[in-house]
Amino acid sequence: MCALAKDSSRQHANTPSAATRRLLATVTCAFYGPQYGRKTNCPEQIPLSTGTGASNPAKIGISGMAEHVEKAVRGAAWTIGSSLAARVIGVVGTLLITRYLDPDIIGEVTAASIVVVSANLFSNFGLGNYAIAKFKDGPDVTFACTVVYLTLGVLALGAAWIWGGAFGQTVNAPTMGQYVPGLVLSTFIRRLGHMPDKVLARQMRFGPIGIAMAVGELSYTVVSVALAMNGWGGAAIVWANVVQSTIMTGIVMSQVHWREWLGPHKIRLDRLKDQAKFGVPLGLVAAAHHASTTWDNLIYSRYFGVSQMGLYNLGYKLAAMPAEQIGEQVGGVLFPSMSNVDGDAKRRALIRSIGLMALLVYPLSMGIFAISESLVATLLTEEWQGVAPVLSALSLVTIVQPIGWAAGSYLLAKGHNWALSVQEFVKLFALAGGLMLFAPYGPVWACAGVAIGFSSQAIMYFFMLNRDGVSMSALASAVFRPILPCLPMVASVYATRLGLQNLGVQTPLVFLVAEIAVGATVFVPCAFLFARPIARDFLGLVKSALGR
């Protein structure tokens, strides 16, 4: 755990050190606004001591806020850091395995995985979040969630095992059925560790979760590549998933006493009704979100075949990595964080988090758009070069995801579960309709359908946040200002590529290194020129975290 060391010599155990005060003060000011300190010198002014009498519109006091933010910051650091390591390992593994498996094999396994994971998520019903949000209601909460969650899992995954393979003919993946049983086993093992994971999350013990994520991803990469090298084909991916799930579940279970999630309690009818009231709309949100981010692969396979779907799936993974790595992990920390504050503090947290995430995600997504040709030529074999145009198109699509991650956490903390469910289904139908509309024009044009789906979601979020009292001018500034410094960055990358071509350079690695170096060099000063408030906030957070 990345925990702050305790100092027994302190007079007040709850009084943070000077370095901790600077970190907490900066983060609290950045996310919850200047009411906790002066605008001009926020880090020095936040009262982090345990004194009494401070008024605060939040549910918790100033010292409670400080402790809460400390946990949130450490949780974000663990979650983002470990997930970044896991994603880097995963990307390396994905690139390595493409050297041993053809796009059609990976496409078949992907189709089988989508069917199994869909069955798993459709039987989720927000029970994990219920265990986090309602655990103070009594010790029976987590046990009831565990029993219902595992029961639904057996039924849903059993159905996937029996009928999943038959779905292959519909999506032009006729042999996907051979991979379904192993993926069902892997998914159920992961399901066993879901409630222990949520117990750790509600205790804000993100360290074991992060370790499990990183070690699991490493094990998956090692096993899948080793088996693929030895001729296991698609089964290499399946058994690597089984190993990964076993390791991750084992780690989180070892950190939680079994009575905390499996200790027997009477399951009351009113508890089940409350679970349904809370979880059904939330489960629909998760199911629709999963469908909108994976079922496009099945539609793509239906129109263009499983081999082309393999190219599309890899392109989507690479394109979505910046948004998912930053936005998803920060969103996971924001939900428990936002649940503890009210009113203007919650709105300021939303605006600030969107701006900071956009400043991080936009240059990465648009950078991938600019360097996609050199990136694919450098990293992938000849049979995978078709990823480049798809990657270029999809990298622009994923640029709107930071809005969804932060806004989703905000609306979830506000209890707007049904509204989230509706907008996710609208996004799903818009995406599927867009894919079918543009598919006749070819594989790359079909990516425009994905853009329609994500754009419709962003527009709906704007309307929903406006109705909840969020300032549209502040939100628009946070969303659009970070785009401006990306434009000269992209232009500089294209200019660099053209210059190298005119010089007769032919090595893809030279293009890639030069394009990244020039793009990063151009973006940084442009960020302070076009998005100065957000860039200065980000720089202040970094400096304070480093204790400078």
Side-chain angles (χ1 to χ4, degrees), residues 27-37 39 42 56-60 65 68-69 72 76 129 133 281-282 285 288-289 323 326-362 398-427 430 453-484 531-538 541:
V27 174
T28 305
C29 183
F31 283 98
Y32 295 101
Q35 75 180 58
Y36 298 102
K39 291 183 179 180
C42 191
N56 192 332
K59 293 180 182 179
I60 53 181
M65 173 67 76
H68 163 70
V69 172
N129 282 323
L282 196 57
V285 170
H289 175 74
I326 297 172
E328 182 178 359
Q329 307 312 321
V330 173
V333 175
L334 280 177
F335 170 55
S337 299
M338 286 187 177
S339 297
N340 288 283
V341 293
D342 278 334
D344 290 338
K346 196 187 297 281
R347 297 186 185 96
R348 279 192 295 271
L350 170 70
I351 296 297
R352 193 68 74 176
S353 61
I354 287 178
L356 292 172
M357 281 195 290
L359 189 68
L360 292 172
V361 171
Y362 289 178
T398 58
I399 202 171
V400 301
Q401 283 187 298
I403 305 171
W405 292 120
S409 297
Y410 172 87
L411 294 168
L412 183 61
K414 295 279 287 186
H416 298 316
N417 295 1
W418 280 110
L420 284 170
S421 176
V422 170
Q423 65 87 22
E424 281 289 353
F425 276 100
V426 171
K427 170 192 170 185
F454 279 98
S455 298
S456 65
Q457 183 186 42
I459 293 171
M460 285 186 290
Y461 272 132
F462 266 82
F463 281 108
M464 292 167 68
L465 294 175
N466 186 32
R467 291 186 61 183
D468 204 68
V470 176
S471 168
M472 285 298 97
S473 60
L475 181 59
S477 177
V479 169
F480 294 112
R481 291 188 72 166
I483 293 179
L484 298 178
R532 180 180 295 272
I534 302 173
R536 291 183 65 180
D537 282 346
F538 177 76
L541 284 171

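Since this is a predicted model, take the numbers as computed values, not measurements. Residue numbers start at 1 and run along the sequence shown. Note that these values count all heavy atoms, side chains included, but never hydrogens, waters or copies made by symmetry.
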Nearest heavy-atom approach of Arg481 to Arg532 is NH2-N, 4.2 Å
Which atoms form the tightest heavy-atom contact between Phe454 and Lys427, and what is the distance?
-> CE2-NZ, 3.6 Å
Separation of Ile351 CD1 from Ser473 OG (nearest 0.5 Å) | 8.5 Å
With a 4.5 Å limit on heavy-atom distance, are the side chains of Ile483 and Phe480 in contact?
-> yes
Under a 4.5 Å cut-off applied to non-hydrogen side-chain atoms, are Ile534 and Pro482 in contact?
-> yes
When you measure from the side chain of Tyr362 to the backbone N and O of Leu484, does any donor-acceptor pair fall under 3.5 Å?
-> no
